[in-house]
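All remarks here apply to the structure that follows.
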Protein chains: 2
Amino acid sequence: MRHFIHLIALVSLVSYGQNSDSTFLRSIYDQALSNGRSYEDLRSLCKDVGPRLSGSAEAEMAVYWSKLRMESYGFDHVYLQEIKVPHWERGNKESAWIKLENGEFIKVNILALGGSIGTNGSIEGDIVEFSHMDELKKAKRSKVEGKIVFLNQAMDEQQISTFKAYGGCYAIRGNGAVEAAKLGAIAVVIRSLAMPVDDHPHTGSMHYEDSIPRIPAAALSTSDAELLSSTLKKGKCRFVMEMDCRNFPDAVSYNVIAELEGEHPNEIITFGGHLDSWDTGEGAHDDGAGVIHCLEALRILKVLGYKPKHTLRLVFFMNEENGNMGGKTYAQWSHDRGEQQIAALESDRGGFSPRGFDCDGDEKYVTMMRSFQALFTPYDLHAFNKGYGGVDIGPLKTTFKGIPLFGFVPDSQRYFDFHHAPSDVFENVNKRELELGCAAIASMIYLLDKNL
Amino acid sequence: MRHFIHLIALVSLVSYGQNSDSTFLRSIYDQALSNGRSYEDLRSLCKDVGPRLSGSAEAEMAVYWSKLRMESYGFDHVYLQEIKVPHWERGNKESAWIKLENGEFIKVNILALGGSIGTNGSIEGDIVEFSHMDELKKAKRSKVEGKIVFLNQAMDEQQISTFKAYGGCYAIRGNGAVEAAKLGAIAVVIRSLAMPVDDHPHTGSMHYEDSIPRIPAAALSTSDAELLSSTLKKGKCRFVMEMDCRNFPDAVSYNVIAELEGEHPNEIITFGGHLDSWDTGEGAHDDGAGVIHCLEALRILKVLGYKPKHTLRLVFFMNEENGNMGGKTYAQWSHDRGEQQIAALESDRGGFSPRGFDCDGDEKYVTMMRSFQALFTPYDLHAFNKGYGGVDIGPLKTTFKGIPLFGFVPDSQRYFDFHHAPSDVFENVNKRELELGCAAIASMIYLLDKNL
């Protein structure tokens, strides 16, 4: 009988806790949907600032914009953290043509890959196509030397998660220039890492190795990649390209940070996204949505009068796209100050309809996260899996052993329509989808704070 | 020991069944994503045919288009079923203005509601605003008589399902004219049933009652509704409108039907969407996506060589939007032929990323549907709930007692951005989201056929 009474007491307690949590989550969602600031904040970041690559004037304006917004919401502390970032510029010349054997030519859409050297005037060469990175790696030098390598590896459309399909192609962008140059190529053009077949080229980071010659690298739109491939099936053709992109010395920039101080101020829950974006489009989904998700989450928790147990620290990381200097510097700085990092969460997969969260951490954290699932069911979140956190919060994992990282998981189907492309603009973000993401993240931050 | 062996045999059988089902579902998804016809079919329906309101030339072209497509896919039987449909036309005059007290005026965006009478020249009157249908019902005649009623009831943005928010406002469109006319109003304008605040008016069906005077009814864009409301807060204003829409005698039209004949030919699983659409936009999400989902589902099952147990009957219903004559006629016709309707499924909630299925039926069918859930987990479907089937298959429920109805449930967040509006065009449907819907429906039809 006593056991029975204990059991009832326990059930009541758990059920009270869940009831009060579910009421609080409902308040969060009501705020986001009826009194939300996220859509207007994202509009302003996209239109009043624009694309914001590390080292650019726009990136500096974005830092200024972010600090002003954070201050306007009355958080406990708002400050900048200085970092060093790479500085690469696209320049104003970027064009390419396919030249047919009969002398005719076709203009195609390219974007230089971030970090690429320019062509120093125009270059022209025979094209040699590979349908997979592995094919290039196995090729004979005689097939490639003196030519322009065309890496036409398409994202696997049969993958349900488009991020898995992206992962499968990532090497052609990251390592294409190195692998092509090893065999004597004079330049590399890749099929854009994009799901649809359309006219937008998609840029993104690439790297060089010190011992390998540096060659220009660009992305073709997927439709131009198909055109080039079908042209090559009919006979040889040449490719002409000009790009005046270049690297500059490293620049000074900043992570932008805001906090709600916790009962235990030195115990930190870090969450955010990255403020920098590629220099094409407006960085609306990547990662305007992510920083705005997290800004709005902290604003809502403050408006609702939530008093956190741990310090809730919002970080707009700089330089995720081409160096991750924001994430690396932040982890080291926090460690040097003797802080305890309790958990970290990132939003960097777009502003689409929420599906759930990933947890990169010990099984006990995955179990804890799954215990929240029922609270999220009314809001259509259902995917709570072991998975990936995010690039910016990644360095915390090595600096703070055992810290669980959480990644916000929205629907992935449209992400690679816009990623790193001129089409990643505010108009392609849906207001309700964005707002539901803000509410999901505010809810998760609240639950982590209470349960850790 | 024998029990143990039996248990192993049983587990193997179940597990074999699930394995073979999961392999078959994977083939369905691969077809839809890599060799799909759905996106091109939807493009053609939207661009080569266009919007297709019952009784219009476009609706007749849509019937012709559908029969040709079904024949091209080599189904066992393709045929038309004759029905009678209402015939209403918008005409070519549709304009409205707000007239301020100082004599200035502002042009606003309206669409006549489907079925409305015209204004017979222009009409002008004082505006009286109600923020909810119930307010109008309680109003005194003296407040309304001789005026134009403005029903400014907004969809509840705090609802997570936008269909629930739509349901809460439906009465202002369906019954606004009747309730306003009861109190002597000369016309009614409603706030569009739409989630975002923008410039697109959204049309839809309305009705009259024989004993109540018929007055013109139109929808204002949500942004113009907010403008009119804020103008009224500053003082009185008048409203001027002209519409030359009108009703014509009923017309002949058709449901378009295709079948894969089953082992038991007289046992039917009916599935489809509606071919007609409103006369604005292209009926891309409503319900071009739905008919194409189901067409593609049957095509995939045929291509994969599936031999159904029951006859799989694809129906493109005509006239869902303003009369449901297709649905009503079909149910009666099937009954009169002595058919057994085993189950029915409808897709009429847009071409967005799949979330799951509703079941409107006995608890045993809900349980059966939930037993499929694990098979759908790799494809991100998670919502398998008791719920609603669809308007077109609705009449089967009364004609065939006990039949379970299933409704395809995609993500609802963007649906009421486009519903019944000029923006419901092909460009607002995402290829992968559409394809995933086709695969989900093909999978569900397959599982129903095997398990019923």
Side-chain angles (χ1 to χ4, degrees), chain A residues 25-36 39-40 154-162 164-165 194-198 351-356 373 376-385 409-418 427-437 439-440, chain B residues 25-36 39-40 154-162 164-165 194-198 351-356 373 376-385 409-418 427-437 439-440:
Chain A
L25 261 58
R26 187 64 253 184
S27 313
I28 288 173
Y29 274 84
D30 289 351
Q31 268 291 324
L33 292 166
S34 286
N35 299 303
Y39 195 58
E40 166 54 21
M155 281 173 67
D156 177 5
E157 62 219 351
Q158 295 185 3
Q159 293 286 354
I160 304 304
S161 160
T162 60
K164 282 198 186 150
M195 205 45 112
V197 176
D198 66 22
F352 305 97
S353 214
R355 291 286 194 166
Q373 180 160 354
F376 282 106
T377 301
Y379 307 104
D380 279 349
L381 274 75
H382 61 99
F384 294 83
N385 299 311
V409 180
D411 192 281
S412 79
Q413 298 310 320
R414 287 175 286 147
Y415 190 64
F416 292 96
D417 294 11
F418 309 123
E427 289 75 6
N428 286 325
V429 179
N430 178 273
K431 180 171 182 281
R432 282 181 63 84
E433 293 189 346
L434 180 71
E435 288 170 347
L436 290 169
Chain B
L25 262 59
R26 187 64 252 185
S27 313
I28 288 173
Y29 273 84
D30 289 351
Q31 268 291 326
L33 292 165
S34 286
N35 298 303
Y39 195 58
E40 166 54 22
M155 281 173 67
D156 178 4
E157 63 219 350
Q158 295 185 5
Q159 294 285 354
I160 303 305
S161 161
T162 60
K164 281 198 185 149
M195 206 45 113
V197 176
D198 66 22
F352 305 98
S353 213
R355 291 287 194 166
Q373 180 160 354
F376 282 107
T377 302
Y379 307 104
D380 279 350
L381 274 75
H382 61 99
F384 293 83
N385 299 311
V409 180
D411 193 280
S412 79
Q413 298 310 321
R414 287 175 285 146
Y415 190 65
F416 292 96
D417 295 11
F418 309 123
E427 290 74 8
N428 286 326
V429 179
N430 178 272
K431 181 170 181 281
R432 280 181 64 84
E433 293 188 346
L434 181 71
E435 288 170 347
L436 290 169

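Remember, it's a predicted structure, so these values are computed and weren't measured experimentally. To find a chain, count down the sequence lines: A is the first, B the second, and so on, and within it residues start at 1.
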Contacting region of [X] [heavy-atom separation from chain A under 4.5 Å]:
{"X": "Asn430(B)", "value": "side chain"}
{"X": "Asp380(B)", "value": "both"}
{"X": "Tyr29(B)", "value": "side chain"}
{"X": "Gln31(B)", "value": "neither"}

Study note, to complete from the structure: Assert top hit (heavy-atom pairs under 4.5 Å, partner chain B, pool Arg26(A), Lys431(A), Glu435(A)) equals Arg26(A)

Practice item. Mark yes or no for whether Arg432(A), through its side chain, and Ser412(B), through its backbone, hold a donor-acceptor pair below 3.5 Å. Key: no

Practice item. Check whether the side chains of Ser353(B) and Gln413(A) place a donor and an acceptor atom closer than 3.5 Å, and report yes or no. Key: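 Note: Ser353(B) and Gln413(A) side chains miss the donor-acceptor criterion.
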
Output the distance between atom [atom1] ([X]) and atom [atom2] ([Y]), rounded to the nearest 0.5 Å.
{"X": "Glu157(A)", "Y": "Asn35(B)", "atom1": "CD", "atom2": "CG", "answer": "8.0 Å"}
{"X": "Asn385(A)", "Y": "Thr377(B)", "atom1": "CG", "atom2": "OG1", "answer": "9.5 Å"}
{"X": "Gln158(A)", "Y": "Leu33(B)", "atom1": "CD", "atom2": "CG", "answer": "7.0 Å"}

Point to revise | Heavy-atom pair of closest approach, residues Arg355(A) and Pro354(B) | key: NH2-O, 3.0 Å

